[in-house]
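Before any comments, here is the structure.
Chain naming here is simple, since letters A, B, ... match the order of the sequence lines and numbering starts at 1 in each.
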Number of protein chains: 2
Amino acid sequence: MVNVSKMLNERSRKILCAVVQDYINFPDPVGSRTVARKYSLGISPATIRNIMADLEEMGFLKQPHSSAGRIPTDMGYRFYVDILISESGYIDRELIQDLYNRLEDLKDNIDMLFSETTKTISTLSHYLGVAMSPKPDIFTIKKVKLFQYGHDAVVITLFTEKGLIKNKLVSLDLELSQKDLNRIAGYINSEFAGYTIYEIRRKILNEMAKEKMMWDKLITKAMKICEEAFFSLQCELFISGLSGVLELPDFADLQKIKELSRAIEDKHTIIKLLDKLSELDGVQIIIGSENSIEEMKDFSVIVSACKDENRTVGTVGIVGPTRMNYPKAISIVHTAARFISEILTER
Amino acid sequence: MVNVSKMLNERSRKILCAVVQDYINFPDPVGSRTVARKYSLGISPATIRNIMADLEEMGFLKQPHSSAGRIPTDMGYRFYVDILISESGYIDRELIQDLYNRLEDLKDNIDMLFSETTKTISTLSHYLGVAMSPKPDIFTIKKVKLFQYGHDAVVITLFTEKGLIKNKLVSLDLELSQKDLNRIAGYINSEFAGYTIYEIRRKILNEMAKEKMMWDKLITKAMKICEEAFFSLQCELFISGLSGVLELPDFADLQKIKELSRAIEDKHTIIKLLDKLSELDGVQIIIGSENSIEEMKDFSVIVSACKDENRTVGTVGIVGPTRMNYPKAISIVHTAARFISEILTER
DNA sequence: CTTAGCACTCTCTATGGTCAAGTGCTAATA
DNA sequence: TATTAGCACTTGACCATAGAGAGTGCTAAG
């Protein structure tokens with residue numbers, strides 16, 4: 001983050017923020033007269049015009065056409081947001097409380113924690129709510145159980161520390177008695193309990209490479225079963241609130257809507273984006289063209305990972321137009337992430 | 001279905017179908033001249049005009065404005081579709097083959113059968129693909145397993161005949177040893193194996209009412225566990241292809257898009273709709289205002305249940321504008337439903 | 001009953017004029 | 001020197017008008 005005070009003096013900064021704020025509240029280009037009238041800065045429209053021209057030259061503002069007011073560029077929003085979070089007095093306590101009350105109800109229903117949080121976020125913000133359940137990779141295995149299924153398949157049931165349970169049907173090319181299966185399960189439990197799935201997969205690969213020849217058949221089978229079962233575990237992505245977003249004036253034209261719907265339909269790309277952002281701490285903000293995803297260059301994304309100690313146990317966020325109520329969106333994402341972190345840490 | 005030949009003579013019918021077909025191909029009102037030129041019926045535009053006026057009076061056609069060509073009403077589409085399916089020579093073998101090839105790849109991955117089918121349907125039809133997994137209710141229980149989880153919770157694992165496996169964590173207000181759990185599981189298996197979850201729930205409720213007092217504690221617990229586990233099983237709804245649909249000229253105006261997005265966001269309503277339609281055999285077609293859901297009165301829905309004998313094992317469908325390529329859409333839905341039926345019957 | 005001919009209706013597009021908002025520039029001012 | 005008032009200028013939004021094009025309904029003739 002650049003030291004902004006070096007770039008702009010106090011007055012310019014105030015005017016820039018006034019323009020951004022006004023534009024966020026009312027989706028029309030902001031003129032010098034409006035700034036002078038609404039934001040008592042004690043200077044005339046003419047002076048403001050001069051400064052706004054400077055701000056435009058520096059790339060913070062732009063004009064839709066030569067006789068309109070100014071609107072912020074992505075860089076202008078960025079400046080505004082950086083100031084915002086450095087001030088940190090922007091949090092709306094009432095909003096947070098409201099959000100917390102709504103989320104409170106989800107505590108018992110961990111299955112639907114992410115899907116319902118997504119809905120809550122979207123209704124409260126009027127933007128798109130997104131959430132991603134954690135990759136099961138990061139969970140610690142408590143134990144596994146194995147059962148015969150039919151004559152050539154095995155069901156592996158994974159119990160994790162955090163109360164997540166997963167089944168996986170694995171087809172084998174040979175028959176194993178339930179007794180064999182119990183022995184295999186015993187072996188897996190003794191070796192792997194207490195490790196995360198991610199660690200286990202590493203271990204398996206290592207072992208396989210190291211002492212390939214020395215295993216007995218049973219262990220080979222155990223490894224195969226684990227590898228198949230663990231490999232297929234996926235995270236889930238939830239997106240909610242499209243119809244609400246379409247009511248915003250920012251989506252009055254068809255092109256924007258198409259872009260957005262293309263963007264959210266390509267879930268794989270979004271998962272990758274959220275994944276990358278989840279590695280960082282705190283609320284991440286990506287404004288318009290800062291986004292590397294082509295379809296999202298007209299939108300802003302606010303994301304926060306949910307952390308249990310330093311493991312990511314989920315991701316929540318908001319997607320909306322660049323003309324977004326950033327203070328509100330940031331507060332919501334921050335709060336929801338903290339809430340989910342708490343829920344998933346308690347147990 | 002009314003006997004259409006009573007209502008319209010051969011020539012009127014041909015003209016009506018010509019208008020519908022032409023409008024489906026090119027989204028502009030169809031004039032008498034166009035019909036005369038493209039569809040060699042051997043009559044002049046003037047005659048066609050007269051007949052079209054009659055068809056309008058009968059409610060099959062309408063004019064966007066008094067000097068435009070005609071477009072079909074929902075009733076017009078209905079007439080066309082009824083004729084279509086009575087002729088049944090409308091099926092595009094090549095399309096079906098293509099679809100079958102694409103679906104073929106999904107055979108191994110039953111987890112993603114419905115989600116992937118939805119995508120395939122939408123890319124092929126250019127409309128919205130929808131699919132609903134069966135309510136787990138209808139599956140036959142093979143066996144259940146119970147495990148302690150922590151000190152006051154139980155994991156129940158359901159194995160069904162069709163290879164569906166479900167876990168459910170049930171919190172209890174008392175502690176049970178694994179030995180107790182095994183006894184309970186044994187009881188459940190002996191009583192319920194071979195029944196569908198739906199039947200079991202009925203049985204439980206009956207039993208509870210009948211001989212409330214006579215049970216020992218263990219059985220009461222068994223009932224409680226089953227009831228909790230079985231109650232929460234839900235079907236899943238998949239929808240795909242929104243961004244593709246937005247490219248259609250029918251969605252050039254914002255209002256339609258909003259309606260559609262509201263409609264598909266209210267998953268509960270759609271599930272109810274599909275559920276109702278799944279009771280019927282064969283491909284169901286709902287055209288515009290025939291739909292009881294307010295938000296969907298501007299769209300058409302083509303749905304078919306996937307059946308295994310007479311149980312519904314899933315539902316697939318297409319949602320699109322009333323100006324839909326019905327032959328194509330019907331063929332796709334019909335084929336996809338048959339495919340899924342086959343997959344889920346085999347095992 | 002069918003058809004040719006024609007007047008009529010309606011949308012669509014282009015055109016031009018006015019209005020309001022807001023700018024940039026210049027000259028006056030503190 | 002920095003600020004401000006004043007003013008000419010630009011531009012999009014809005015509206016009315018006019019002409020072209022498409023298609024109709026009606027009438028009269030075949």
Proximity to the side chain of B/I43 - top-ranked nucleotide from C/dT11, C/dT3, D/dT4: C/dT3
Any donor-acceptor N or O pair under 3.5 Å, side chains B/Y39, B/D22: yes
Distance below 4.0 Å between B/R11 side-chain N/O and C/dT2 OP1 or OP2: yes
Length of the NE2-P vector between B/H65 and C/dC10, whole Å: 10 Å
Rounded distance (Å) that lies between atom P of C/dG22 and atom CG of A/L61: 15 Å
Closest-nucleotide ordering on DNA chain C, the 5'-leading residue of B/N50 and A/S66: B/N50
Sugar-phosphate only, base, or nothing, as touched by A/A68 at under 4.0 Å among non-hydrogen atoms: sugar-phosphate
Ring geometry between B/F299 and B/F251 (parallel below 30°, tilted from 30 to 60°, perpendicular above 60°): parallel
Protein-nucleotide distance (A/D54, atom CG; C/dG24, atom C1'), rounded to Å: 13 Å
Donor-acceptor pair between A/R49 and A/S32 side chains, under 3.5 angstrom: yes
Base C/dG22 paired with A/R37 side chain (donor-acceptor, <3.5 Å): no
Member of B/I24, B/I285, B/I318 meeting the side-chain contact (heavy atoms from CB on, under 4.5 Å) criterion with B/M324: B/I318
side-chain N/O B/T47 vs C/dT2 OP1/OP2, d < 4.0 Å: no
Distance test, side-chain N/O of A/S67 to OP1/OP2 of D/dG12, below 4.0 Å: no
Under-4.0 Å side-chain N/O to phosphate OP1/OP2 contact, A/R70 with C/dG24: yes
Spacing between B/I48 atom CD1 and C/dT3 atom C1', to the nearest angstrom: 12 Å
Distance in angstrom units between A/D28 CG and C/dT23 P, rounded: 13 Å
N/O (side chain, A/S32) to phosphate O (OP1/OP2, C/dT23) under 4.0 Å: yes
Length of the line joining B/I71:CD1 and C/dT11:P, which is rounded to integer Å: 14 Å
Under 3.5 Å side-chain donor-acceptor pair for A/S331 and A/D92: no
Candidate nucleotides D/dG23, C/dT3, D/dG25, ranked by approach to the side chain of B/A53 - the nearest: D/dG25
Atom pair distance, as rounded to whole Å: CG in B/L55 and C1' in D/dT24: 15 Å
Side chain A/R49 and base C/dG24 donor-acceptor under 3.5 Å: yes
Between C/dC25 (C1') and A/M52 (CE): distance, integer Å: 17 Å
